Amino acid sequence: MAKRLLSIWFPRLASDTSLRKRPSEGPFALILRSGNADHLHCLNRAAERKGLHRSMALADARAICPDLATRPADLVVEAAALSSLRRWAGRYAPMVASDGADGLIADITGVPHLFGGEADLSADLQARLARVGLTVATAIAGSRGGAFALARQGGGIVPEGGLAEGIGRLPVSALRIDDQTAKALARMGLSRISDLIPQPRAPLARRFGPGLVLRLDQALGTQPEPVAPEAAAPHFGVRMTLPDPIGLQADVMSGLSRLLDRLCETLALHHRGARRLQLELHRVDRECALVEIGLARPMRDPERIAALFAKGVEAVEAGFGIDAMRLTAHVTEPLAPEQLGGPALRHEDALADLFSRLGNRLGFDRVLRLLPAESKIPERSFLLAPAAYSQAETLPGRSGPERPIIVFPPEPVHTASMRQPGHPPARFRWRRMSFATLRATGPERIAPEWWFDDPLWRSGLRDYWRIETREGPRLWLFNTPQVPNWPARDAQNWYAQGEFV
């Protein structure tokens, strides 16, 4: 059986997709910034009739068509649209692959008779796409290169054995070669594919490179070019249709447990863990209740995940009953197989479950943990990071004076007497309480980091002291020695910034 290939080209895929969501009358174009200027990325038919074309500078397009409506192009949305069309085109062929950023190629060998022939298959495809507002051109030929060239030059069907005659009239630029090669061929009088076919291959390769000969042979079918469809991304979703409606929380949780078992098995096969899951509860009255949870770390343990759904399921109004359930893990991350059990692992699991419960109630960005930072400045010796998106780090080993566990912004200390200049006060008041110094260790001199302009450190050097008081608290006090403070201003120059536990 002769191979037959279908090329599907969407000349206005990006603009048609954008206009489906937000229709616009008159000339319209999507713009993309390149260099220091905006250029037209994709146009509708009305804009093309005004003389505009792709890659034209937006300023030039405005001069030609002042009423041109524009929107920013989104290449991610465009790629997603083509991917959806590739899956949809599976109704016409078992193997469909992307062909550039705006086209598809399908191997329809042995399929056309199911639609009444190649012409009927092509007509059915174009009619379905036209109904949803997409501009499309199709071509069927015995080679991938021939179908590609014909689709972008008006479309059509090349019968078996007539490939050279079918594409011979097309310009050489249809062979998927660069513009410079096409212009060089035209200057030599080789403007059409039929002009190239009888030429010896060796001189062409020497003059224009082997790429031209390869593309020509691929278009003529003498060089094989298979269709290799992309592997479909795994979908982590399961559903259940119930024979009778349910409404009790226990019944919903029982159904959720079965869904989780199936979903976690699929996740394990792909070595993935769920980070966000959504449970859809479809009611008899066609309403749908959603329960969504997040996880502090990738997970595929059904029992632990089910416990996080309990509060959301309890708040669902079942109405006349729930007759279908769907569970989807729409955010996943790699998760290698891990050994179960052990006190250390149980502790980590319990901590992750705590972060998950707090994150679902308060927001994962509000559950924070302290991470060590390389700085001698007390305020910069740690970082605050969301616990769900960071890993705990052990404090680096450091030599030198002991630092307090609790650090807070500097608070004034009111002194009552001094032992001698530069030493901590014998008695002082802090937070409306009186303290007597029992033992003092220090000083530890810390200089400000000159590359940061911190208003709190504009006073310069600080001398820190570890103070043990008769009343019990162990405090971290400092003063600024470069400020003249003895004896008149001493009461205004001592501060507390930490407490030892």
Side-chain angles (χ1 to χ4, degrees), residues 1-13 16 45 48 53-54 82 85-86 89 92-93 95-113 115-130 134-179 181-183 185-186 190-199 204 211-229:
M1 183 179 294
K3 183 177 289 292
R4 303 297 287 169
L5 297 169
L6 167 67
S7 179
I8 309 170
W9 181 43
F10 303 95
R12 305 182 187 89
L13 176 61
D16 288 346
R45 193 183 301 273
E48 291 177 349
H53 57 82
R54 287 194 179 212
L82 185 64
L85 289 168
R86 179 178 59 83
Y92 297 101
M95 290 189 294
V96 183
S98 300
D99 199 8
D102 56 1
L104 302 172
I105 186 72
D107 189 340
I108 59 171
T109 305
V111 175
H113 71 278
F115 294 86
E118 295 179 348
D120 291 337
L121 184 150
S122 181
D124 181 78
L125 183 146
Q126 294 187 31
R128 290 177 182 272
L129 292 174
L134 295 178
T135 306
V136 62
T138 63
I140 299 177
S143 69
R144 180 171 180 172
F148 178 95
L150 194 60
R152 284 149 182 80
Q153 298 295 325
I157 299 176
V158 177
E160 295 181 19
L163 197 54
E165 294 79 9
I167 66 172
R169 58 181 175 80
L170 304 179
V172 293
S173 58
L175 288 176
R176 295 176 291 176
I177 58 178
D178 58 87
D179 292 339
T181 302
K183 292 178 181 178
L185 288 169
L190 304 174
S191 59
R192 299 190 179 277
I193 296 178
S194 58
D195 300 330
L196 283 178
I197 294 176
Q199 300 298 324
L204 285 177
L212 173 63
V213 175
L214 174 64
R215 289 306 190 187
L216 179 60
D217 290 341
Q218 287 175 341
L220 296 175
T222 57
Q223 182 71 28
E225 190 177 8
V227 175

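Quick caveat, the model's predicted, so the values are computed rather than measured.
Contact record, A139 with A147: CB-O, 3.5 Å, taken as the closest heavy-atom pair. Minimum interatomic distance between I108 and P112 (heavy atoms only, all atoms of both residues): O-CD, 3.0 Å. For the pair L220 and S143, the tightest heavy-atom approach, listed with the atom from each and the gap, is N-OG, 4.4 Å. Heavy atoms only, all atoms of each residue included: V158 and L150 are closest at CG2-CD2, 3.5 Å. Scanning both residues, A101 and L13, for their nearest heavy atoms gives O-CD2, 4.1 Å. Scanning both residues, G145 and E225, for their nearest heavy atoms gives N-OE1, 3.8 Å.
Side-chain contact between F10 and L104: present, with at least one pair of heavy atoms (C-beta onward) separated by less than 4.5 Å. Put simply, the side chain of Y92 reaches to within 4.5 Å of the side chain of L125, judged on heavy atoms. Taking the side chain as every heavy atom from C-beta outward, K3 and V227 never approach each other to under 4.5 Å.
Between atom CD1 of residue I8 and atom CG of residue D102 there is a gap of 12.0 Å, rounded to the nearest 0.5 Å. A distance of 5.5 Å separates CG in L212 from CD1 in I177, rounded to the nearest 0.5 Å. In this structure, R12 CZ and T135 OG1 are separated by 4.5 Å, a value rounded to the nearest 0.5 Å. To the nearest 0.5 angstrom, L134 atom CG is 12.0 Å from Q126 atom CD. Here the straight-line distance linking atom CD1 of I193 with atom CG of L163 works out to 9.0 Å at 0.5 Å rounding. For the atom pair L170 CG and S191 OG, the distance stands at 11.5 Å (nearest 0.5 Å).
Listed by first then second residue, pairs satisfying salt bridge (charged side-chain N to carboxylate O under 4.0 Å, His left out) with a partner in residues 154-171 number zero, not counting sequence neighbours.
Only one option out of L185, L216, L190 pairs with Q199 in a side chain to side chain contact (heavy atoms under 4.5 Å, CB included); it is L190.
With hydrogens and angles ignored, the 3.5 Å screen pairs a side-chain donor or acceptor of S194 with a backbone N or O of G168. Here the side chain of D107 pairs no donor or acceptor atom with the backbone of M95 at under 3.5 angstrom. In this structure a side-chain-to-backbone donor-acceptor pair under 3.5 Å is missing from S7 to T138. The closest donor-acceptor contact from the side chain of D124 to the backbone of L121 lies at 3.5 Å or more, if one exists at all.
At least one cation-pi condition fails for R144 and F148: the charged atom is not both under 6.0 angstrom from the six-membered ring centre and inside a 45 degree cone around its axis.
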